[in-house]
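Following: one structure in structure tokens, then a few remarks.
Because the structure is predicted, anything quoted here is derived from the model rather than measured. Each ligand, and each atom within it, is numbered from 1 in the order the structure gives. This chain uses plain numbering: 1 for the first residue, then up along the sequence.
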Amino acid sequence: MTQDNRWDNVTVIDHPLVQHKLTILRDAETGAKEFRELVKELAMLMAYEATRNFQLAETTVKTPITETTSFVLAGKKVAVIPILRAGLGMVDGILELIPAAKVGHVGLYRDPETLKPVEYYCKLPEDIGERDVLIVDPMLATGGSAAAAVQFLRDKGAREINLLVLIAAPEGIDEINACCDDVEIYTCAIDSHLNDHAYIVPGLGDAGDRLFGTK
Ligand code: PRP
Ligand code: URA
């Protein structure tokens with residue numbers, strides 16, 4: 001399946017397994033347990049794609065048959081930064097692929113009146129400037145939360161920043177690119193638009209509430 005992607009810095013992960021899982025995730029009938037499992041699996045599959053350009057170093061390995069040259073990751077250090085709360089659902093899937101990654105937390109919620117992000121918590125790895133950063137959040141709607149997280153991380157010294165979102169709205173992508181166009185965005189889908197409450201259409205509803213069963 002191809003999607004309208006007019007942005008150079010946006011990768012839409014159109015792998016059939018990803019698209020299949022995303023459809024179940026969107027379904028209003030999918031319960032919290034399955035929703036959590038799907039978010040974890042999708043995050044893992046997204047990390048596979050987002051790490052495609054990691055550098056390799058040559059090494060030698062002795063197989064049961066003979067010694068041969070082969071490749072290992074060239075010491076790349078990664079930080080996974082979930083935007084609280086819904087981003088938490090994506091962390092474990094990524095850590096299964098990249099167990100040496102450090103995890104930082106940025107607490108932001110979207111004020112329901114102003115729709116602007118409000119920061120309430122932040123704890124980052126001390127060496128954030130030396131790490132490839134993967135900011136994770138299921139939803140990129142207005143882009144306010146992700147843009148605030150990117151700017152915040154930049155202020156703390158982060159350089160290489162990637163944003164992994166399950167679903168992106170065009171408005172959110174434009175917002176990120178307006179403030180920080182050197183961020184690579186990975187998503188499973190670019191949806192149509194935002195509704196009057198700034199929810200993504202068709203989207204999947206409120207990711208945090210569906211993950212944690214709070215509504
Ligand atoms: C959701 C979502 C994003 C944000 C996206 O979080 O997880 O962080 O909204 O919206 P935006 O692009 O318009 O900023 P929410 O604020 O609902 O908080 P929660 O994760 O605690 O539920
Ligand atoms: N946050 C969500 O959880 N869902 C949306 O559609 C928009 C913001």
From the candidates G143, P112, S145, the one that places a heavy atom nearest atom 12 (O) of ligand 1: G143

Min N/O separation R85 to ligand 1 under 3.5 Å: yes

Any idea which atoms of ligand 1 are less than 4.0 Å away from a heavy-atom of Y109? 16 (O)

Give a yes or no on whether the backbone of I190 and the side-chain of T187 come within a donor-acceptor separation of less than 3.5 Å. no

A169 near ligand 2, heavy-atom distance under 4.0 Å? no

Protein contact to atom 3 (O) of ligand 2 [nearest heavy atom, distance to 0.1 Å]: A207 N, 2.8 Å

Numbered atoms of ligand 2 (with element) below 4.0 Å of A198, judged on heavy atoms: 7 (C)

Mind checking whether G208 has an N or O less than 3.5 Å away from an N or O of ligand 2? no

Could you tell me, atom by atom, which parts of ligand 2 come under 4.0 Å of a heavy atom of I200? 5 (C), 6 (O)

Considering the heavy atoms of M139, write down every atom of ligand 1 situated less than 4.0 Å from one of them. 3 (C), 5 (C)

Can you name the atoms of ligand 1, numbered from 1 with element, that are less than 4.0 Å from a heavy atom of A86? 7 (O), 20 (O)

Less than 4.0 Å between a side-chain N and a carboxylate O, is that true for R85 and D137? no

Kindly confirm or rule out an N or O of A141 lying under 3.5 angstrom from an N or O of ligand 1. yes

Atom 7 (O) of ligand 1 has as its nearest protein heavy atom D137 OD1, 2.7 Å

At what distance is the nearest protein heavy atom to atom 15 (P) of ligand 1, and which residue and atom is it? R110 N, 4.2 Å

Residues D132 and K77 bridged, charged N to O under 4.0 Å: no

Residues R210 and D206 bridged, charged N to O under 4.0 Å: no

Step by step, work out the salt bridge (charged side-chain N to carboxylate O under 4.0 Å, His left out) result for R154 and D182. CA-CA 11 Å; R154 285 251 187 277; D182 53 349; 2.8 Å; yes

N/O donor-acceptor pair under 3.5 Å between E41 side chain and K21 backbone: no

Looking at atom 1 (C) of ligand 1, tell me if a protein heavy atom falls under 4.0 Å from it. no

Let me check something: do Y199 and V39 share a hydrophobic cluster, defined by ILVMFWY side-chain heavy atoms less than 4.5 Å apart, either directly or through other members? no

Closer than 4.0 angstrom, basic N to acidic O: yes or no for R26 and D191? yes

